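Hydrogens, waters and symmetry mates are skipped; everything else that's a heavy atom, side chains included, is used. This one's a predicted model, so the numbers in the text were calculated from it and none came from an experiment. Per chain, numbering begins at 1; letters A, B, ... match sequence-line order.
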There are 2 protein chains.
Amino acid sequence: MPTSTVENYLKQIYIDQPTDEATMMPMGRLASAVGVTPGTATAMIKTMTESDLVVYEPRTGVRLSPEGESLALQVLRRHRLVELWLVEILGLDWSEVHEEAEVLEHAISDKVLARIDALLGHPTVDPHGDPIPTADGDVVARAHTSLPRCETDKPLRIVRIADQDPEFLTYADQNGLVPGARLIVERRDRIADAVTIRVGGHDPITLGTSAAERLLVEPADGQTADPR
Amino acid sequence: MPTSTVENYLKQIYIDQPTDEATMMPMGRLASAVGVTPGTATAMIKTMTESDLVVYEPRTGVRLSPEGESLALQVLRRHRLVELWLVEILGLDWSEVHEEAEVLEHAISDKVLARIDALLGHPTVDPHGDPIPTADGDVVARAHTSLPRCETDKPLRIVRIADQDPEFLTYADQNGLVPGARLIVERRDRIADAVTIRVGGHDPITLGTSAAERLLVEPADGQTADPR
DNA sequence: TTTCTGACTTTGACAAGCCAAAGTCGCAGT
DNA sequence: ACTGCGACTTTGGCTTGTCAAAGTCAGAAA
């Protein structure tokens, strides 16, 4: 059984994969993702290499082995199911559940997880729209586009908010920017580096591109199922 | 914040208090309760003395300080609420929840605990009949008698099963020996060191005194409230 | 091509917990 | 009062995970 420290390293490496390339994560980035000094990360990754959880190339970076990826997916599954449980059943605010889940994900047994999964009706996405890996490690990712890359004046629906920062999430929530919400891009301004959108009945909002990038959307022409 | 190791030591010291005497727990017993060697316990208790969580007298034993007791009660509250949640909401078997709760009790935040408490309707006893301390550290213990000390032929009700061993609990469950169940003592046999009881509609069962001691009961003359 | 710089690795040290084994104490029994 | 033995404490050592600081490398800049 991996320790919870090892689980965290695995999770961070997995999350860092931008698409699904077999690309290497630089040690510096891993270190700051996990919240340790680079030296610590190097040491940890070396021992994880012994257990065949990762592939490590000095001065290049680190990548998950198949076993490592499978473990990372289990951790992610626990994390996201717990988040959803906290929101749906216990009624916590979606902006604050990430922290809680961060601890709980290392304490939940398979048996309890299975019950929670059933209680929630075998959901496929967490409160932020992130996909929940299945018990056998499949991730059914929804196709989506980052907001700044969308055409203007087309109906869109938010699939996912790719940020865990409570401040950002609270802001999003207050402006109706939750998974499932419908919106259109009114204007894109390259010079101001901003995107103006209109959500449901609300007034238009203007977001900087870097914030807008964290909103992932899909076309909302017909009546596609709500992601939750 | 105390580590989960410290929380476990505190919990074991608290649980060991037979009644509510300010008596000392011998180090040997603490060590085996926590599952470490005596030397480890001595070392740990010394550092806990520094933080004023316990009062330690070399070669005599250890006792909780007021701060220690308050912390122990918080841990116990988490443990027992989690146990009840596992049984009532997730539908796990009461014989197996102790192990699960042992881990979860160190991972649940106050906020989540409060939600679970509310979800369960602010319960006062866990699935084994053990009292759940209130958020501010009060324990409302139900008066009870150990089965072998009861009169024969009087109606009794099980208040509590003072054992966490899954095997014993499964046996108890299969024989209807759950908190709230009614029974009468048919016979006590000093020589055979046994007690014969009859539970509800079941056939009579004969238990050794040491097993019967773990069943705590109260008189069931009138219609007292069910402990759950 | 050489140098410089920033990213990475190595090294030494530390804290928390733990064990095994040696040392010490107190009390029951003579 | 003395002796033994069992319970307790001490000592030395191990593992995991961490940091700080010194050392090294590779690629950008010259």
**Student:** So, are B/R142 and B/E218 salt-bridged, with charged N and O less than 4.0 Å apart?
**Tutor:**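 Yes.
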
**Student:** Find the distance A/R29:CZ to C/dC8:C1' and express it as a whole number of Å.
**Tutor:**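 A/R29 atom CZ is separated from C/dC8 atom C1' by 15 Å.
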
**Student:** Summarise how protein sits on nucleotides 13-20 of chain D as a single string, 5' to 3': B when a protein heavy atom is under 4.0 Å from the base, S for sugar-phosphate-only contact, - for no contact.
**Tutor:** ----SSBS

**Student:** Can you check the A/M27 CE to C/dT10 C1' distance for me, whole Å?
**Tutor:**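 Spelled out: CE on A/M27 to C1' on C/dT10 is 13 Å.
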
**Student:** Which atom pair, heavy atoms only, marks the closest approach of A/M24 to A/V55?
**Tutor:**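 That would be CE-O, 3.9 Å.
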
**Student:** For A/R59 and for B/T60, find the nucleotide of DNA chain D with the closest heavy atom, then tell me which residue's nucleotide is more 5'.
**Tutor:**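 Checking each residue's closest nucleotide, the 5'-ward one belongs to B/T60.
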
**Student:** For the pair made of CD in B/E57 and P in C/dG26, what is the distance, rounded to whole Å?
**Tutor:**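 So the CD-P distance, B/E57 to C/dG26, works out to 13 Å.
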
**Student:** What integer distance in Å separates A/L30:CG from C/dT9:P?
**Tutor:**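 Spelled out: CG on A/L30 to P on C/dT9 is 10 Å.
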
**Student:** Pick out which of B/L92, B/L81, B/D93 makes a side-chain contact (heavy atoms from CB on, under 4.5 Å) with B/L86.
**Tutor:**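 Among B/L92, B/L81, B/D93, the one meeting side-chain contact (heavy atoms from CB on, under 4.5 Å) with B/L86 is B/L92.
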
**Student:** Write down the atom of A/Q12, the atom of A/A33, and the distance for their closest heavy-atom approach.
**Tutor:**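 Heavy atoms of A/Q12 and A/A33 come nearest at OE1-CB, 3.7 Å.
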
**Student:** Could you state the atom-to-atom distance from CD1 of B/I45 to C1' of D/dT10 in whole Å?
**Tutor:**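 So the CD1-C1' distance, B/I45 to D/dT10, works out to 16 Å.
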
**Student:** Calculate the interatomic distance between A/M25 atom CE and C/dC8 atom P; express it in whole Å.
**Tutor:**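 Those two atoms, CE and P, are 11 Å apart.
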
**Student:** Which atoms form the tightest heavy-atom contact between A/D163 and A/L169, and what is the distance?
**Tutor:**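 Result for this residue pair: O-CD2, 3.6 Å.
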
**Student:** How close or far is atom P of C/dG26 from atom CE of B/M24, stated in whole angstroms?
**Tutor:**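 Rounded to whole Å, this separation is 16 Å.
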
**Student:** May I ask you to decide if the ring planes of B/W94 and B/H128 are parallel, tilted or perpendicular, using 30° and 60° as cut-offs?
**Tutor:**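 If you compare the ring of B/W94 with that of B/H128, the planes turn out parallel.
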
**Student:** If I take atom CD in residue B/E50 and atom P in nucleotide C/dG17, what distance separates them, rounded to the nearest angstrom?
**Tutor:**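 Those two atoms, CD and P, are 14 Å apart.
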
